[in-house]
Amino acid sequence: MHHQPDPVCGAAVAASLSLFRQHAPLVHCMTNDVVQTFTANVLLALGASPAMVIDAEEAAQFSAIADGLLINVGTLTRERASAMRAAIDAANKVNKPWTLDPVAVGGLTLRTAFCQGLLQLRPRAIRGNASEILALAQHAGQGRGVDSLHDSAAALAAAQQLARSSGAVVAVTGAVDYVTDGTRTLAVAGGSPLMTRVVGTGCALSAVVAGFAALPGDTLQHIASACRVISCAGERATASAQGPGSFIPAFLDALWLLDAEALR
């Protein structure tokens, strides 16, 4: 059951982005210590509201109020894992969508076991690189931390299988992103190699996915749109940036300025 991907449509991306700005989702980010500020700034630049609540009691309280929850295991600790479980349980009780970013799963045992356990808890979306998705789908992935050793196309079949078994929309990101619900698959081209030279573009994308996953309508299309919004902003930022340092402000500006014309 290997389905060929269709390219994502620019007009549909523009429609999803417009809906996102209109809804201005409140995104509860339980993410890693390296990327918190950048993640919050990316959400703000797109018109959403970020919140970083990590205490177990508060996180459970807050995920019930937020529009979407992000679980990113980049700097996982046992204490944080139990806070994340509490937040997911509270979100599930009130049917709020949550998104998993399985950072470096496959290489490290605590996070690998934790993320595999979470697959039973009905994530709305999963966003990772090829190595992470292969490992999560229990394929023979040879991950090297957060740098993917696999091409995203190599993980497409694993992503489709993972989408079917978990019920999530799975986004495998790389030079081309593939977004699948197990039946339909969309391909998102674009982006820039500079995006891999600053910390947090993938983690921020996952937070944006968590926000887009909260929108009414076609979740597959919304999540593919989140991927295209980030890749398009990356392309536009690279055109004016001198390197990684100037890329970050240019990227935030590009997100702020993104319109239908740019996405077409």
Side-chain angles (χ1 to χ4, degrees), residues 19-20 22-44 46-105 108 110-128 132 136 162-163 165-171 181 200 202-220 222-223 226:
L19 193 64
F20 183 85
Q22 189 188 316
H23 278 257
L26 173 58
V27 185
H28 180 190
C29 302
M30 297 184 80
T31 190
N32 70 72
D33 296 333
V34 189
V35 303
Q36 299 210 26
T37 307
F38 184 65
T39 298
N41 282 336
V42 164
L43 286 169
L44 288 166
L46 284 172
S49 296
M52 275 64 180
V53 179
I54 54 169
D55 172 77
E57 193 180 328
E58 283 197 340
Q61 219 178 351
F62 195 78
S63 67
I65 303 164
D67 296 304
L69 167 65
L70 168 67
I71 300 295
N72 171 308
V73 298
T75 51
L76 193 65
T77 61
R78 284 190 167 74
E79 188 182 7
R80 205 169 276 195
S82 59
M84 287 171 168
R85 282 299 292 258
I88 291 166
D89 289 341
N92 279 345
K93 262 195 196 102
V94 291
N95 207 25
K96 295 290 179 75
W98 67 276
T99 293
L100 176 64
D101 185 337
V103 179
V105 155
L108 295 159
L110 174 69
R111 67 186 62 197
T112 301
F114 178 65
C115 289
Q116 276 170 340
L118 294 184
L119 294 177
Q120 315 311 311
L121 302 179
R122 307 188 309 282
R124 179 76 50 93
I126 299 168
R127 200 290 315 171
E132 291 158 351
L136 205 53
L162 183 60
S165 64
S166 67
V169 171
V170 178
D181 60 8
C203 296
L205 166 58
S206 295
V208 174
V209 164
F212 274 76
L215 299 176
D218 183 352
T219 304
L220 179 79
H222 289 324
I223 290 170

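Quantities reported herein were computed from a predicted structural model and do not represent experimental measurements. What you see below is based on every heavy atom in this structure, not just the backbone, and it leaves out hydrogens, waters and symmetry mates.
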Rounded distance (nearest 0.5 Å) linking atom CG of Leu136 with atom CD1 of Ile126
5.5 Å
Could you grab the distance from atom CE of Met84 to atom OG of Ser63, nearest 0.5 Å is fine?
12.0 Å
Val27 to Ala210 - nearest heavy-atom pair and separation:
CG1-CB, 3.9 Å
How close do Pro25 and Gly211 get, heavy atom to heavy atom, and via which atoms?
CG-O, 3.9 Å
Exercise: identify the closest heavy-atom pair between Ala104 and Glu132:
N-OE2, 2.9 Å
Can you name the closest pair of heavy atoms from Pro102 and Gly128 and give their distance?
CD-CA, 4.4 Å
With sequence neighbours excluded, give me every side-chain hydrogen bond (donor to acceptor under 3.5 Å, both in side chains) pair touching residues 76-86.
Asp33-Arg80, Thr75-Arg80
For residues 52-95, pull every pair meeting ring-ring contact (aromatic ring centres under 6.0 Å, His included), keeping only residues two or more places apart or in separate chains.
His28-Phe62
Sequence neighbours excluded, which residues qualify as side-chain contact (heavy atoms from CB on, under 4.5 Å) partners of Ala64?
Val94
Looking at side-chain heavy atoms only, is the closest gap between Thr39 and Pro50 below 4.5 Å?
no
Compile the donor-acceptor pairs under 3.5 Å between side chains in residues 65-74 and protein atoms, sequence neighbours left out, one pair per line.
from, atom 1, to, atom 2, distance (Å)
Asp67, OD2, Leu26, N, 2.7
Asn72, OD1, Asn32, ND2, 3.1
Asn72, OD1, Gly74, N, 2.9
Asn72, ND2, Thr31, OG1, 3.4
Asn72, ND2, Asp101, OD2, 3.3

Taking salt bridge (charged side-chain N to carboxylate O under 4.0 Å, His left out) as the test, write out the residues that go with Asp218, two or more places apart.
Arg184
Applying side-chain contact (heavy atoms from CB on, under 4.5 Å) to Ala171 and not counting sequence neighbours gives Arg127, Val179, Ile223, Cys227
For Ala86, enumerate each residue passing the side-chain contact (heavy atoms from CB on, under 4.5 Å) test, keeping only those at least two apart in sequence or located in another chain.
Ala60
Side chains of Leu19 and His222 in contact at under 4.5 Å (non-hydrogen atoms):
yes
What donor-acceptor contacts under 3.5 angstrom involve side-chain atoms of residues 116-125, with partners at least two apart or in another chain?
from, atom 1, to, atom 2, distance (Å)
Gln116, NE2, Ala135, O, 3.3
Arg124, NH1, Ala213, O, 3.3

Quick one: closest heavy-atom pair of Phe20 and Ala48, and the distance?
CZ-CB, 3.6 Å
To the nearest 0.5 Å, how far apart are OG1 in Thr99 and CD1 in Ile88?
10.5 Å
CD (Gln22) and CG (Leu215) are apart, to the nearest 0.5 Å, by 9.5 Å
Can you pull the salt bridge (Lys or Arg N to Asp or Glu O under 4.0 Å) pairs that have at least one residue in residues 49-64, sequence neighbours excluded?
none
Side-chain touch Cys29/Leu43, heavy atoms, less than 4.5 angstrom
yes
Check whether any side-chain heavy atom of Asp181 sits under 4.5 Å from a side-chain heavy atom of Thr219, and report yes or no.
no
At their closest point, which heavy atom of Ala24 faces which heavy atom of Gly47, and how far apart are they?
CB-O, 3.3 Å
Residue pairs fulfilling ring-ring contact (aromatic ring centres under 6.0 Å, His included) with at least one residue in residues 68-98, sequence neighbours excluded:
none
